[in-house]
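Note: hydrogens, waters and symmetry copies are ignored here, and every other heavy atom, side chains too, is used.
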Amino acid sequence: MSATAYRTHRCGALSRAEVGRQVRLGGWVHRRRDLGGLVFVDLRDRDGLVQLSCNPAWSPAPVMERAAALGAETVVLVTGTVQLRPEPARDADLTSREVEVHVTGLEVVGPAQTPAIPVARKEKEELPAEELRLRHRVLDLRRPELQANMQLRHRLLQRARQVLTELEFLEIETPILTKPTPEGARDYLVPSRLHPQEFYALPQSPQIYKQLLMVAGYDRYFQIARCFRDEDLRADRQPEFTQIDLEASFVSPDDVQNVVEQVLLELWQEAGVQVDRPFPRLGYREALEQYGSDKPDLRFGLEIRDLSPLVGHDAASFVTEARAAGSRLRGIVVSGGGAFSRKEIDGLAALAKEAGAGGLIWARRAAGGWEGQGVKAAGSTLLERLGGSEGDLLLAVVGTDAVSSSALHAVRTALTRLPGVKRLTDHAFCWIVDFPLFETDADSGEHVPAHHPFTAPHPADLSQLKLDPGSCRALHYDAVYNGNELGSGSIRITDPAVQREIFSLLGLSEEDIRRRFGFLLDGLGAGAPPHGGFALGFDRIVMLLAGATSLRDVIAFPKTTAARALFEGAPAPVDPADLRALHLEAKP
RNA sequence: GGGGCUGUAGCUCAGCUUGGUUAGAGUGCCGCACUGUCACUGCGGAGGUCGCGGGUUCGAGCCCCGUCAGCCCCGCCA
């Protein structure tokens, strides 16, 4: 299959099976070891390495000469015979190490300048600075680690296509040049040449299109969709990213979750991990109460407890006063946490403060009873009521629920990285359900959609939509894995009247609604089936399954945190004439 | 928009604490030697805008201010 006019095999594919065969290979010079009379070359391609052995006993003089002059990363074509290595390979895990190629012909077809960053790295040698890796992306992409990541990415993509196709989903493409319809994030805009002062927007997601496909009767849609959001970046966020986007008609939340679970199961299986179904479901309120987060890492217990009922009269005044003001005392008991150093505990306290807590109350249970700063703060009555056993560590926070949740979530996340903290499992999926429909904007105090404005309200809460929008739940669900949000979805609004009401709750005038979302409302009025869907953050999934720590390691040509492409040099200024054609003027 | 870390040879880093002769190491590169290496080995050599700009000082890689770039986090973002 991999044979071409130039080669019979890939370098990394040679094994005992080919011993004695005459082969032709093409690849990159990974490393060269020149012993004077003998030259060994590790030749690399996407399948791996094979050792070339150049020896006057079988290599003609010109071959010896050329082999001795080979620079790193040069592309060569080689002819030779596959032979077992004289000595048992030291690295038996690399099958190609069992054999080598006795070179009879060697031709340089792609001379290479000395690489600016090394492709062949020594053991434990640090990676070059990320800036250089991005600038010299071609060289970085040659590294076996990134080759493996990109190959995994391909396999996951194909697997997703396969399983969704088996589930009768149709892959349908939607426009990249779309209408600016803000869903929360800033749009990337594209000026129109034919229509002065008008703009396309790149899609933040194919949300409205996929809903209209449901209205159009396509019943089950999916797309490996590129999405664009002009927001500030993070290690796990890029300005353009890929979603496995899907939508289905006549479905309940369970139906959608069922499909998503099947997709995730197959993707994890492709990466060699067996996943149990169904995933546990956890209410949004419950998740915040027990874990302080709507994306809890359920590989760990470490549940948050409400300690308020245990507070006695001997608690410190700042605790009793906060209690009187309506705050709660919440905490985590870490079994075995008594062994943490003071430095580790101080580190946790710093995180709690950073998250807005006044401080972290802590106490550990030694042989003689509870000790530590928390004995005074929480009061010994509380600690007696709490009980516990020797070696326990109590970490607690007083404050509003919002503060204690985010502080304890930060503490809990840090705890999971400390040595000796017990893990219940390696792979913990869950669904977070019953999200609120609206959030209150911190600045304006106005209602904003918790997700996007097309999410259907929970039927049980529909009657409160006007009276008390804040208490309305949504038919929205998130898939969470090991503390990472993999994606989210919902049942959509199909009643145009309800959709109008949501828009107007968001402060849109009738005219705004018409202008911005008229085509959606017309669609919904044309006979809309009940429908819902989901979008999985594909890059993040690849990152997690590849064991990478950055999205940039699973994207061939990523952007920096300032949204620059260092390799090709985007964005870039354009010729004023080109701007004029677009009816634009660049102001300094 | 805010905070933090980093920037010295092609690459990875030391030097900065406490300003002072000619800025070092490993690796890569170049040359020589070497017939079973696999991070080959040995010997020799070249290689520096200490990110950039300004300031303090007799003197700045080192101190101060600004700026640029990369990374991480908060805000933002599904």
**Asked** Expressed in whole Å, how much space separates the P atoms belonging to B:G70 and B:U27?
**Response** 32 Å
**Message:** For B:A60, give the paired nucleotide (Watson-Crick: N1-N3 plus N6-O4 or O6-N4; G-U: N1-O2 and O6-N3; both under 3.5 Å), or none.
**Reply:** none
**Prompt:** Using atom C1' of each nucleotide, how far apart are B:C62 and B:U56 to the nearest Å?
**Reply:** 14 Å
**Asked** In whole angstroms, how far is the C1' atom of B:C71 from the NZ atom of A:Lys559?
**Response** 18 Å
**Asked** Got a sec, which residues hit ring-ring contact (aromatic ring centres under 6.0 Å, His included) with A:Tyr284, two or more places apart in sequence or on another chain?
**Response** A:Phe435
**Prompt:** With sequence neighbours left out, what residues match A:Arg135 under side-chain contact (heavy atoms from CB on, under 4.5 Å)?
**Reply:** A:Glu131, A:Leu566
**Asked** For atom C1', what is the distance between B:G19 and B:C63, given to the nearest Å?
**Response** 8 Å
**Fill in**
Closest to the 5' end of RNA chain B, once A:Phe241 and A:Ser550 are matched to their nearest nucleotides, is A:Ser550
**Message:** Once side chain to side chain donor-acceptor pair (under 3.5 Å) is applied, what residue pairs with a partner in residues 561-572 of chain A remain, sequence neighbours excluded?
**Reply:** none
**Same-atom distance (C1') from B:U41 to B:G61, integer angstrom** = 36 Å
**Asked** Looking only at side-chain N and O atoms, does A:Arg237 come under 4.0 Å of OP1 or OP2 in B:C71?
**Response** no
**Residues that A:Asp230 engages under side-chain contact (heavy atoms from CB on, under 4.5 Å), provided they are two or more places apart** = A:Arg186, A:Tyr188
**Message:** Any side-chain N or O of A:Arg33 below 4.0 angstrom from OP1/OP2 of B:U37?
**Reply:** no
**Asked** In the structure shown, which nucleotide is the Watson-Crick or G-U wobble counterpart of B:C32, with both distances under 3.5 Å?
**Response** B:G42
**Prompt:** B:G70 phosphate, OP1 or OP2: any side-chain N/O from A:Thr561 under 4.0 angstrom?
**Reply:** no
**Prompt:** From B:A39, B:U35, B:U37, pick the nucleotide closest to the side chain of A:Arg85?
**Reply:** B:U37
**Message:** For residues 47-75 of chain A, which residue pairs pass the salt bridge (charged side-chain N to carboxylate O under 4.0 Å, His left out) check, not counting sequence neighbours?
**Reply:** A:Arg10-A:Asp47, A:Arg44-A:Glu73, A:Glu73-A:Arg142
**Prompt:** Which residue, A:Leu246, A:Thr242, A:Leu264, A:Asp245, forms the side chain to side chain contact (heavy atoms under 4.5 Å, CB included) with A:Leu536?
**Reply:** A:Leu264
**Fill in**
Scoring nucleotides 8-13 of chain B by protein non-hydrogen atoms under 4.0 Å (B base, S sugar-phosphate only, - none) yields --SSS-
Check nucleotides 43-47 of chain B for protein N or O atoms closer than 3.5 Å to its own N or O atoms and list the pairs.
none

**Message:** If you compare all heavy atoms of A:Asp187 against all heavy atoms of A:Leu202, which two are closest, and at what distance to 0.1 Å?
**Reply:** OD1-O, 4.1 Å
**Item:** Complementary nucleotide of B:G26, counting Watson-Crick and G-U pairs under 3.5 Å
**Value:** B:C11
**Message:** Rounded to whole Å, please give me the gap between CG in A:Leu70 and P in B:C29.
**Reply:** 12 Å
**Request:** Would you mind pulling out the nucleotide paired to B:C16, Watson-Crick or G-U wobble, both distances under 3.5 Å?
**Result:** none
**Request:** Taking only the side-chain heavy atoms of A:Gln51 (C-beta and beyond), determine which of B:C29, B:U37, B:C73 contains the nearest atom.
**Result:** B:U37
**Request:** Return each pair, listed once, that meets ring pair (Phe, Tyr, Trp, His ring centres under 6.0 Å) where at least one residue sits in residues 43-86 of chain A; pairs must be two or more places apart or across chains.
**Result:** A:Trp58-A:His102
**Message:** Tell me whether the side-chain N/O atoms of A:Arg234 come closer than 4.0 Å to OP1 or OP2 in B:C76.
**Reply:** no
**Prompt:** Out of B:G36, B:C77, B:C40, which has the shortest distance to the side chain of A:Arg31?
**Reply:** B:C40
**Prompt:** With A:Ser406, which residues qualify under side-chain hydrogen bond (donor to acceptor under 3.5 Å, both in side chains), at least two apart?
**Reply:** none
Show me the donor-acceptor pairs, under 3.5 Å and distance only, between side chains in residues 350-358 of chain A and residues at least two apart or in other chains.
none

**Asked** Got a sec, which residues hit side-chain contact (heavy atoms from CB on, under 4.5 Å) with A:Thr413, two or more places apart in sequence or on another chain?
**Response** A:His409, A:Arg417
**Asked** Rounded to whole angstroms, how far apart are CZ on A:Arg32 and P on B:U35?
**Response** 15 Å
**Pair A:Asp539 + A:Arg153: basic N to acidic O under 4.0 Å** = yes
**Request:** Could you walk me through whether A:Arg16 and A:Glu98 pass the salt bridge (Lys or Arg N to Asp or Glu O under 4.0 Å) test, one step at a time?
**Result:** CA-CA 7 Å; A:Arg16 297 180 88 95; A:Glu98 288 187 318; 3.1 Å; yes
Would you tabulate the pairs of protein nitrogen or oxygen atoms and nucleotide nitrogen or oxygen atoms of nucleotides 66-69 of chain B closer than 3.5 angstrom?
from, atom 1, to, atom 2, distance (Å)
B:A69, O2', A:Glu131, OE1, 3.2
B:A69, O2', A:Glu131, OE2, 2.8

**Prompt:** For the pair made of CG in A:Asp34 and P in B:C34, what is the distance, rounded to whole Å?
**Reply:** 11 Å
**Asked** Which whole-number value in Å describes the distance from A:Glu354 CD to B:G75 C1'?
**Response** 13 Å
**Message:** B:C71, OP1 or OP2 - any side-chain N/O from A:Arg133 closer than 4.0 Å?
**Reply:** no
**Asked** Given that both distances must come in under 3.5 Å, which nucleotide forms a Watson-Crick or G-U wobble pair with B:U37?
**Response** none
**Prompt:** On a whole-Å scale, what distance lies between the C1' atoms belonging to B:A69 and B:G26?
**Reply:** 26 Å
**Message:** What is the separation between atom NE2 on A:His102 and atom P on B:G36, rounded to the nearest whole Å?
**Reply:** 14 Å
**Prompt:** When rounded to the nearest Å, what value does the distance between C1' atoms of B:G15 and B:U8 take?
**Reply:** 9 Å
**Asked** What distance, rounded to whole Å, do you find between the two C1' atoms, one in B:A14 and one in B:C50?
**Response** 13 Å
**Prompt:** Starting at CG of A:Leu49 and ending at C1' of B:A39, how long is that distance when rounded to a whole Å?
**Reply:** 13 Å
**Message:** What contact category does A:His476 fall into here, base, sugar-phosphate, or nothing, at under 4.0 angstrom with non-hydrogen atoms?
**Reply:** base
**Message:** If the threshold is 4.0 Å, N to carboxylate O, is there a salt bridge linking A:Lys559 and A:Glu240?
**Reply:** yes
**Prompt:** Considering only B:U37, B:U35, B:G28, which nucleotide approaches the side chain of A:Pro56 most closely?
**Reply:** B:U35
**Whole angstrom value for the distance that separates P of B:A39 from CG of A:Leu35** = 13 Å
**Message:** Using atom C1' in both nucleotides, what's the gap between B:G48 and B:G28 to the nearest angstrom?
**Reply:** 16 Å
**Asked** Which base sits across from B:G66 as a Watson-Crick or G-U pair, both distances under 3.5 Å?
**Response** B:C52
**Request:** Find the distance between CZ (A:Arg137) and CD1 (A:Ile555) and round it off to the nearest 0.5 Å.
**Result:** 9.0 Å
